[in-house]
There are 2 protein chains.
Amino acid sequence: MSAPAAPEPLAFSALVLALAGELVQGIHDRVVAAGFDDLRPAHGFAFARISYGGATTGELAEHLGVTKQAAAQLVDELVRKGYVERTTHPTDARARLLRLTERGWACTRAADAAAVEAVAPYRRLLGEERFAALVRDLAALGPKGPIRPAW
Amino acid sequence: MSAPAAPEPLAFSALVLALAGELVQGIHDRVVAAGFDDLRPAHGFAFARISYGGATTGELAEHLGVTKQAAAQLVDELVRKGYVERTTHPTDARARLLRLTERGWACTRAADAAAVEAVAPYRRLLGEERFAALVRDLAALGPKGPIRPAW
DNA sequence: TCGATATAGACAAGTTGCTTGTCCATTCCT
DNA sequence: AGGAATGGACAAGCAACTTGTCTATATCGA
């Protein structure tokens, strides 16, 4: 470390974090506006996992990076609000397979549309070409998740 | 919306969120490894604001997007742990000006170094040129904060 | 200059989303 | 078949936030 650290890395982190915050807020606001006002941003990560072929509470917990108990509480809430249902697991009598209800799917579709809208201004700002390059480079960084930001 | 929505916007959000999560984790891990193991990622946003010329509890609250009471609690904790001190405000006898202690500055320097290290792998992966372009394009999106991601 | 209103922050209590700890039913391994 | 592992429910506790209230100081208009 003879040379002083370049300022870009800090700027990069700050930019990514600020952008992530704006995206979450923008998507959430639109989902709420679409009538799903009893959800919070974190729920989206659960929907994403459950919609992906169903999941058990344990799988969901691992995906979210929380304990089984925390996931179970979250599932309770989503069941109570009508987004998720517990069905019997086809191969394991201990487990329950979580699935989205029709309302759950409707919310997922709304969230997808919200994401498209939330990103649109950035897309316009850069233009299709630079935006595509940006996505390509971000993908090249290969962020592996857990999808849930762990703070 | 005659054409189906392009898949990129969703991918873009997911990429940015996953990357943000990795960055926060990577920076936090290094800060902890540097001996500041009684802090959590969220504290960094407070340090950033206070180091920027000092701040009152109210200003900090607004910056973090939480209530004054929540900010006051956080400040209590940072004072107790020796990172922050409350001094008299030069022009307002009601307010207290928050400043970093030497330990607070040491932690800030460690966090800056941690950010440089955490970003380094991505930098290497893309190469200087593409990385610089990435930073430039992210900056062009002009994310305005609040610096604190609001979920 | 004084009185009304706004602001900085302390104090108290309640809510919530997570944690650890424990237990039972079912499954897997030998 | 029997013992260890696993999915998940139940209970209690904690930590970070919230709303509500209060005092001291500041600001502004008459």
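Source: prediction; values computed, not measured. Throughout, protein chains are lettered first and strands after them, A, B, ... in sequence-line order, and every chain is numbered starting at 1.
Residues A/I27 and B/S13 are in side-chain contact: their nearest non-hydrogen atoms beyond the backbone lie under 4.5 Å apart. Counting heavy atoms from C-beta on, the side chains of B/R96 and B/T88 never come closer than 4.5 Å. You'll find the side chain of B/E77 reaches within 4.5 Å of the side chain of B/K81, heavy atoms only. Using a 4.5 Å cut-off on side-chain heavy atoms (C-beta onward), B/L78 and B/L39 make contact. In this structure, B/L134 and B/Y122 have side chains that are not in contact, with every pair of non-hydrogen atoms separated by 4.5 Å or more.
Residue A/T67 places at least one side-chain N or O closer than 4.0 Å to OP1 or OP2 of C/dT19.
Comparing C/dG9, C/dT19, D/dT18 by their closest approach to the side chain of B/T57 singles out C/dG9. Set against D/dG8, C/dG9, D/dT19, the side chain of B/T56 has C/dG9 as its closest nucleotide.
Summary of the strand contacts: A/G58 and B/L74 both lie near DNA chain D, and taking for each the nucleotide with the nearest heavy atom, the more 5' one is attributed to A/G58. Toward the 5′ end of DNA chain C lies the nearest nucleotide of B/R86, the other residue of the pair A/R94 and B/R86 mapping further downstream. When each of A/A93 and B/D92 is assigned the nucleotide of DNA chain C with its nearest heavy atom, B/D92 is the one assigned upstream, toward the 5' end.
The distance from atom NZ of B/K68 to atom P of D/dC17 is 17 Å, rounded to the nearest whole Å. Rounding to whole angstrom units, CG of residue B/D38 and P of D/dA16 are separated by 12 Å. Atom C1' of nucleotide C/dA12 and atom CD of B/Q69 are separated by 11 Å, given to the nearest angstrom. Here the P atom of nucleotide D/dT6 and the CZ atom of A/R96 are 21 Å apart, to the nearest Å. When rounded to the nearest whole Å, the span between NE2 of A/H43 and C1' of C/dC18 equals 12 Å. Between B/E77 atom CD and D/dC14 atom P there is a gap of 16 Å when expressed in whole angstrom units. When rounded to the nearest whole Å, the span between CZ of B/R40 and P of C/dC18 equals 14 Å. A/L97 places its CG atom 9 Å from the P atom of D/dG8, with the value rounded to the nearest Å.
Among the atoms of the strands shown, only primed sugar atoms or phosphate atoms (P, OP1, OP2) are found under 4.0 Å from some heavy atom of A/A95.
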